[in-house]
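The sequence lines fix the lettering, A, B, ..., with proteins before strands; numbering per chain opens at 1.
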Amino acid sequence: MRSVRLVAVAWSLQLKMRSRSAFDGLLSLLWPAFFATTIFMMFRQGGASGPALLSAAVGSSAMGIWSAVSTTAAFALQMERRQGTLELFVLAPQPFALLLVPLTLSMATIGAYSMVATLLWGRFAFGIHISIADPLGFVVAVVVTVFAIGMLGMLIAISSIRYRSAWALGSAIEMPVWLICGFLVAIDDLPAWVRPLSAVLAPTWGVSAMRAAAAGHSPWADLGRCVLAAAAYGAIATVVSRWMVRSARAHATLALS
Amino acid sequence: MNSLRIFFVGGLTSYRALFNWLTPWILVPTFLLTPLFQIFLFVYIGRTAGVSDDRFFLIGNAVVNAAVPCLFAMGNTIGGERNFGTLPLLIASPARRVPLFLGRALPVILNGFLVAVFALLVGALVLRVDIPPATWGGIAVAIAVCSVSCTGLGLLGAAIALRVRETAVLSNIALGILIVFAGVNVPVDAMPGWMQAVSGWLPMTHGIEAIHALASGRSVGSVGGALLTEVGLGACYALLGLAVLRWLEWESRVRATLDTA
């Protein structure tokens with residue numbers, strides 16, 4: 001129960017902190033909107049309509065969740081280091097990985113704003129009819145996808161703790177994940193060697209569940225895989241963070257990366 | 001002579017000092033991998049949407065990536081100085097502003113050019129897109145022109161950075177506008193009328209159009225008009241940038257807001 005309270009309170013505080021900059025907030029809405037606009041125009045140019053356009057709208061809207069997490073999560077610990085709060089994280093009497101969950105979850109939550117904005121943009125600027133056949137399944141799929149992307153962000157944050165220019169890594173993986181997780185392109189259309197990679201990435205299953213719920217198919221099997229992948233990220237992150245923190249303490253390199 | 005020294009030596013020094021993307025940890029993911037990933041993303045989306053051919057997306061997305069250094073490095077001309085605490089020294093210096101800021105643009109233009117050429121070359125090899133060898137010379141000239149014109153827009157961004165603290169956010173917004181409006185993934189003539197009107201006033205639009213024509217076998221002379229328009233637009237943005245820089249510099253002195261923007 002204490003852990004749940006910790007995650008809830010820290011998530012709320014992190015969300016407030018991240019909502020302070022109007023300029024950053026504007027970018028988190030605009031950046032995915034630029035891509036969504038281009039994609040809507042491409043699909044319209046190709047004569048897409050009905051389910052194909054809805055599928056593109058759902059995929060484009062989910063891009064914002066990943067956008068909000070990829071670069072920011074990779075840079076999160078470097079930011080804590082700069083602010084002088086990384087040592088406090090390490091010293092806290094809770095597992096280091098658990099402390100990062102609300103951090104990256106708040107980023108994914110900001111991404112959910114942009115998801116709603118993109119769907120509205122598609123509806124009103126491009127006249128895409130957003131008809132969700134299974135609204136409950138869709139909402140659950142969005143919540144689970146936000147959670148899973150937050151967990152993937154946590155794994156990235158922990159893995160890049162020793163990398164001073166981690167933002168560049170985070171920025172570089174933004175588009176590959178859009179591509180290989182099937183946000184807009186069917187995974188079957190990608191080269192065969194990419195597909196195992198898609199299968200271990202939680203956003204693949206989250207987006208697939210959202211799309212299934214929108215089209216009236218059952219999203220639950222995909223959601224199960226998504227939760228499973230997120231849980232695996234949590235387990236890996238816990239092990240990696242213990243090793244990283246022990247190493248940083250032993251070598252006194254926490255602030256020196 | 002002093003102006004020439006400021007132009008060449010000052011420009012190179014400030015590029016190395018302010019634009020700290022030259023470490024391989026940043027250079028490889030930002031300038032080599034991201035442009036390729038962007039090309040692959042839009043090529044596959046284009047195939048899914050059933051529009052155009054791979055070459056169209058390859059050219060548009062490779063060339064627009066020249067804008068990354070052009071916009072971000074120029075924004076850092078002011079933003080980076082502020083972060084390092086050296087902006088007051090720069091503004092207080094008696095150096096002439098035109099060589100001071102144009103000199104900073106020169107390495108950036110070269111950087112943008114190399115990024116786009118790399119992305120186009122590697123993208124063409126990986127995707128097996130046929131761009132005839134005879135056309136590469138003209139394409140290189142057009143990419144250089146795009147880099148110059150986009151750096152003009154970057155200079156305007158640098159000027160605005162005297163008022164706006166988040167220069168990276170500003171540059172990202174400018175880059176996003178180029179991706180949507182400059183005919184990168186959707187041909188300009190397939191856009192609504194108001195978007196076509198906007199795109200005509202943006203850097204990259206005419207250059208990308210010229211590169212498409214060159215890649216399909218037309219001569220450099222036949223796209224001369226588009227390239228001249230591109231250079232003209234870049235010059236207009238650069239002049240506007242220098243004028244805004246002068247005005248905001250004066251206002252920052254009057255209001256004492258140089259370091260608090």
What are the residues of residues 115-124 of chain B, in order of number, with any heavy atom under 4.5 angstrom from a heavy atom of chain A? none
What are the two closest non-hydrogen atoms of B:Asn185 and A:Gln45, and how far apart are they? O-OE1, 4.5 Å
Counting heavy-atom pairs closer than 4.5 Å to chain A, which one of B:Leu33, B:Asn172, B:Thr34 comes out on top? B:Asn172
What heavy-atom pair brings A:Leu30 and B:Ile173 nearest, and what distance separates the two atoms? CD1-CD1, 4.0 Å
A:Asp189 to B:Tyr44 - nearest heavy-atom pair and separation: O-CE2, 3.5 Å
Between A:Leu169 and B:Trp25, is any pair of side-chain heavy atoms under 4.5 Å apart? no
Mind checking the CE-CZ spacing from A:Met175 to B:Phe40? Nearest 0.5 Å is all I need. 12.5 Å
For B:Pro29 against A:Ala168, the heavy-atom pair lying closest together: CB-O, 3.7 Å
Is A:Leu184 close to chain B through its backbone or its side chain, or both, or neither, when contacts mean heavy atoms under 4.5 Å? both
Step by step, work out the side-chain contact (heavy atoms from CB on, under 4.5 Å) result for A:Ile39 and B:Phe42. CA-CA 9 Å; A:Ile39 290 159; B:Phe42 279 102; 4.3 Å; yes
Let me know if A:Phe183 has heavy atoms under 4.5 Å from chain B in its side chain, its backbone, both or neither. neither
Working note: A:Trp167 + B:Ile26, criterion side-chain contact (heavy atoms from CB on, under 4.5 Å); need CA distance, chi angles, decisive distance, verdict. CA-CA 9 Å; A:Trp167 64 266; B:Ile26 300 180; 3.8 Å; yes
So, the part of A:Leu26 with a heavy atom under 4.5 Å from chain B: the answer is side chain
Chain A contact via B:Ile177 - side chain, backbone, both or neither, heavy atoms under 4.5 Å: both
After noting the C-alpha distance and the side-chain angles of A:Trp31 and B:Leu175, does the key distance pass the side-chain contact (heavy atoms from CB on, under 4.5 Å) rule? CA-CA 9 Å; A:Trp31 183 247; B:Leu175 181 62; 4.0 Å; yes
Would you name the heavy atoms of A:Phe34 and B:Gly176 that are closest together and state the gap between them? CD1-CA, 3.4 Å
If you tally heavy-atom pairs under 4.5 Å between each of B:Arg47, B:Glu166, B:Met191 and chain A, the highest tally belongs to B:Glu166
Could you walk me through whether B:Leu41 and A:Trp178 pass side-chain contact (heavy atoms from CB on, under 4.5 Å), step by step? CA-CA 8 Å; B:Leu41 175 72; A:Trp178 286 347; 3.7 Å; yes
Counting only non-hydrogen atoms closer than 4.5 Å, does B:Phe57 touch chain A with its backbone (N, CA, C, O), its side chain (CB onward), both, or neither? side chain
If contact means a heavy atom pair closer than 4.5 Å, which residues of residues 194-208 of chain B contact chain A? B:Met195
Report, as yes or no, whether the 6.0 Å neighbourhood of atom CZ on A:Arg123 holds more than 12 heavy atoms from other residues, nucleotides or ligands. yes
Sort out for me which of A:Ser165, A:Ala166, A:Ala186, A:Ala172 touches chain B most, counting heavy-atom pairs under 4.5 Å. A:Ala172
Which bit of A:Thr37 comes within less than 4.5 Å of chain B, counting heavy atoms only: side chain, backbone, both or neither? side chain
